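Quick caveat: nothing in here was measured; it's all calculated off a predicted structure.
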Amino acid sequence: MTVREIYEVIDRQIAPFSLAESWDNSGLLTGDPQAAVTRALVCLDITGDTIAQAAAAGAQLMISHHPVIFDPLRAVLKGHPVHTLIQSGLSAICAHTNLDIAKGGVNDCLAKALGLRDLGPFEETGAGASLGRCGTLPEEMSAGELAQRLREALAPCGGVRYLDCGKAIRRVAVCGGAGGSLMERAAALGVDALITSELKQNIWLSCKAAGLSAFDAGHYDTERVVLGPLRRRLGELIPGVEFLEAEDEGIVRYL
């Protein structure tokens with residue numbers, strides 16, 4: 001199996017790259033499309049730590065959620081992940097917003113972890129696709145109860161910040177990663193709560209004014225839920241390649 005063939009499996013059967021947002025940079029970003037692959041590492045971010053894990057495991061390919069090249073690079077110097085990838089002979093396939101949007105991707109995995117039912121679209125992106133999901137909790141909860149459920153569902157989770165608008169929560173919108181810009185969409189849909197990450201002060205205040213409870217469970221924690229399912233799915237579709245999941249990526253620590 002080659003790097004290109006694995007890319008094509010992801011494109012056809014897991015997270016079509018055509019779903020990626022126009023500003024995104026998903027795809028095969030470094031390496032040799034014709035290189036043979038017997039082992040690959042699945043991770044959220046390509047960093048010095050995850051590259052070291054891949055190299056130590058004897059992998060030829062890294063499959064990450066966040067693009068290792070996002071903004072135009074003006075230099076690629078020693079210590080930069082792209083330099084280290086090339087030096088290590090590793091190829092990199094990055095599935096970002098296409099994996100957020102795809103069925104069975106980041107947001108479906110986040111919704112499943114919370115036990116949400118009756119899933120529907122949140123922010124429609126065209127052709128019936130949606131960035132984020134809306135769903136219904138099995139029973140009504142207070143904001144404090146939902147915060148605890150979220151922390152347990154994402155364990156080990158560094159923590160959950162939340163805004164309690166003082167009403168019972170049943171209908172929820174989720175967007176893994178930084179979804180604060182979808183606050184107005186969530187309010188317009190009439191959901192009781194928004195679960196995402198990287199909420200800024202102005203978004204908290206807007207949620208408060210709209211009567212929308214909000215939960216910030218961290219960028220890493222709201223997205224890493226996809227890694228295990230993605231690894232297993234790749235293993236099912238490509239039995240000739242061993243897919244490994246990155247260990248603790250060690251990006252952020254909490255006291």
>> With a 6.0 Å cut-off (strictly less than), is the heavy-atom count around CZ of R149, excluding the residue itself, greater than 12?
In response: yes
> Does atom NZ of K103 have more than 12 heavy-atom neighbours from other groups under 6.0 Å away?
Replying inline: no
> Listed by chain and number, what are the side chain to side chain contact (heavy atoms under 4.5 Å, CB included) partners of E152, not counting sequence neighbours?
Replying inline: Q148
> Is there any ring-ring contact (aromatic ring centres under 6.0 Å, His included) pair reaching into residues 13-48, and which pairs are they, with sequence neighbours excluded?
Replying inline: Y7-F17
Can you give each donor-acceptor pair under 3.5 Å made by side-chain atoms of residues 108-119, sequence neighbours left out, with the distance rounded to 0.1 Å?
| from | atom 1 | to | atom 2 | distance (Å) |
| --- | --- | --- | --- | --- |
| D108 | OD1 | R133 | NE | 2.8 |
| D108 | OD2 | G104 | N | 2.7 |
| D108 | OD2 | R133 | NH2 | 3.4 |

> For A36, what residues pass the side chain to side chain contact (heavy atoms under 4.5 Å, CB included) criterion, not counting sequence neighbours?
Replying inline: none
>> Can you list, by chain and residue number, the hydrophobic cluster partners of L163 when the side-chain cut-off is 4.5 Å?
In response: F122, L182, M183, L189, V191, L194, L199, I203, W204, L212
>> Would you compute the distance between atom CD of E139 and atom CZ of R170 and round it to the nearest 0.5 angstrom?
In response: 7.0 Å
>> Return the CG to CE distance between L41 and M62, rounded to the nearest 0.5 Å.
In response: 5.0 Å
>> Run the side chain to side chain contact (heavy atoms under 4.5 Å, CB included) test against A129 and tell me which residues pass, sequence neighbours left out.
In response: L19, I101, T125
> When you measure from the side chain of D221 to the backbone N and O of C157, does any donor-acceptor pair fall under 3.5 Å?
Replying inline: no
>> Could you work out, with side chain to side chain donor-acceptor pair (under 3.5 Å) as the rule, every residue matching S64, not counting sequence neighbours?
In response: none
>> Test of understanding: with ring-ring contact (aromatic ring centres under 6.0 Å, His included), list the residues that count as partners of F243, not counting sequence neighbours.
In response: none
>> Run the side chain to side chain contact (heavy atoms under 4.5 Å, CB included) test against V76 and tell me which residues pass, sequence neighbours left out.
In response: L73, V82, H83
>> Just verifying a value: how many Å separate I14 CD1 and L230 CG, rounded to the nearest 0.5 Å?
In response: 5.5 Å
> Any luck finding a side-chain donor-acceptor pair between T38 and Q60 under 3.5 Å?
Replying inline: yes
> Tell me, which pairs form a salt bridge (charged side-chain N to carboxylate O under 4.0 Å, His left out) where one or both residues lie in residues 32-47, sequence neighbours left out?
Replying inline: R39-E242
> Applying salt bridge (charged side-chain N to carboxylate O under 4.0 Å, His left out), which residue pairs with at least one partner in residues 171-196 are found, sequence neighbours left out?
Replying inline: E123-R185
> With a 3.5 Å cut-off and no angle check, do the side chains of T97 and D24 form a donor-acceptor pair?
Replying inline: yes
>> My understanding is that only residues two or more places apart in sequence, or in another chain, count here; which of them pass ring-ring contact (aromatic ring centres under 6.0 Å, His included) with H219?
In response: H66
